[in-house]
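Right, one structure below, let's go through it.
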Amino acid sequence: MAEIAHAKKRVLVVDDSMVVREQVGRLLGPAGFEVMGAEDGVDALQKLERSAVSLIVCDVNMPRMDGLEFLAALHSSGNPVPVVMLTTEGQHSKIQQAKAHGAKGWIVKPFKPEMLVAAVRKLIA
Amino acid sequence: MSGNSTLRAFEQIQGYLIESARSLFDTYGLEITHVQDGAPLPSTSGQCIAGVLGYTAEAMRGCVVIAASAEVFERAMPPRILDSYAQDDLLRDLAGEFANMLLAAVKGQLLHDGVELQVACPITAMCEALSLPSPSGGTSTWHSFFSASGTLYIRFDAQFDRDFGFSEPVPEAESALVGGEGGLF
């Protein structure tokens with residue numbers, strides 16, 4: 001029960017930038033969430049095999065497996081974890097692609113900290 | 001497109017670059033002032049960090065380069081992060097991320113000119129007395145920006161095909177989101 005309760009508040013941040021992973025971690029940590037990081041889609045899928053998370057914050061442009069490919073893989077696997085995209089991309093076509101694969105939101109960098117925290121809180125409510 | 005038209009387009013892109021750079025660094029708490037177009041080859045002594053990001057479009061390709069001393073990137077680093085990883089790794093990473101965000105901002109502007117950039121993943125470098133000669137082909141301009149922590153250098157390189165030209169906005173130009181925007185669906 002404790003592990004399930006703990007897993008309810010774990011967020012996976014998928015971004016090839018360690019600064020972004022740290023920045024999001026420093027925001028969500030004090031907001032009551034445990035944060036783990038992955039450097040791209042491949043790393044994220046491997047980590048999800050070992051750890052349950054309540055939400056994923058995911059970049060788009062990453063090496064090996066980009067965010068949209070990761071989202072499609074997650075969607076295909078039937079994993080229901082909500083995903084918010086956090087990216088420099090802002091084009092409607094990519095946003096629609098993410099939405100089609102089940103993404104719950106899209107935030108463009110440089111992001112407003114309060115926007116990200118509010119989105120995470122709402123999705124993990 | 002004529003050579004003069006290409007040069008005018010390049011000048012317009014420089015305007016996007018300068019304004020986007022000011023806005024971006026301001027968001028990270030570092031006020032920068034554009035000092036000079038066509039800055040001389042930067043060869044700063046001491047540790048210098050550069051972020052480089054390539055792009056391609058239908059009739060245009062090149063890269064953006066951001067270079068500055070470690071002190072400039074330290075000043076722009078989000079709070080409390082420098083105590084978590086090796087400092088050099090974080091500073092290089094930040095340079096790459098700034099190149100990424102800067103080019104994304106320029107990309108958003110170019111959608112309104114009918115140009116759609118595809119962007120690579122950034123690479124970074126760190127060394128003493130970094131020298132970054134401009135490419136021999138294509139069009140390239142250095143910009144220098146003054147900041148309280150030192151000088152920031154940004155360069156935009158572009159090679160234009162003969163048929164390059166600004167045109168009507170890309171259909172999704174108006175609906176594209178920019179930095180700071182977004183939310184839940």
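What you are looking at is a predicted structure, and each value in this text was computed from that prediction instead of being measured. So that the names make sense, note that chain A is the first sequence line, chain B the second, and so on, each numbered from 1.
Not a single donor-acceptor pair under 3.5 Å links the side chain of A/R121 to the backbone N or O of A/L116.
A/F70 contributes atom CZ, which lies 5.5 Å from atom SG of A/C58 (distance to the nearest 0.5 angstrom).
Residue B/L91 does not touch chain A at all, counting heavy-atom pairs closer than 4.5 Å. With a threshold of 4.5 angstrom between heavy atoms, B/L111 approaches chain A through side-chain atoms but not through N, CA, C or O. Both the backbone and the side chain of A/A103 come within contact range of chain B, with heavy atoms under 4.5 Å apart. Contact of B/E97 with chain A is made through the side chain alone, with heavy-atom distances under 4.5 Å. Neither the backbone nor the side chain of A/M85 comes within contact range of chain B; no heavy atoms are under 4.5 Å apart.
Interface summary for chain B: among A/M62, A/E89, A/H92, the most heavy-atom pairs under 4.5 angstrom belong to A/H92. Chosen from B/K107, B/M77, B/E181, the residue pairing most often with chain A at heavy-atom distances under 4.5 Å is B/E181. Note on A/A119, A/S93, A/G90: by heavy-atom pairs under 4.5 Å with chain B, the leading option is A/G90.
Counting heavy atoms from C-beta outward, B/V178 and A/V108 have side chains that stay 4.5 Å or more apart.
Smallest separation of non-hydrogen atoms from A/R10 and A/S51: NH1-CB, 4.0 Å.
Residues B/F25 and B/F98 bring their aromatic ring centres within 6.0 Å.
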(request) Mind running side chain to side chain donor-acceptor pair (under 3.5 Å) on B/D113 and B/Y16 for me, showing each step along the way? (result) CA-CA 12 Å; B/D113 298 313; B/Y16 298 157; 2.5 Å; yes
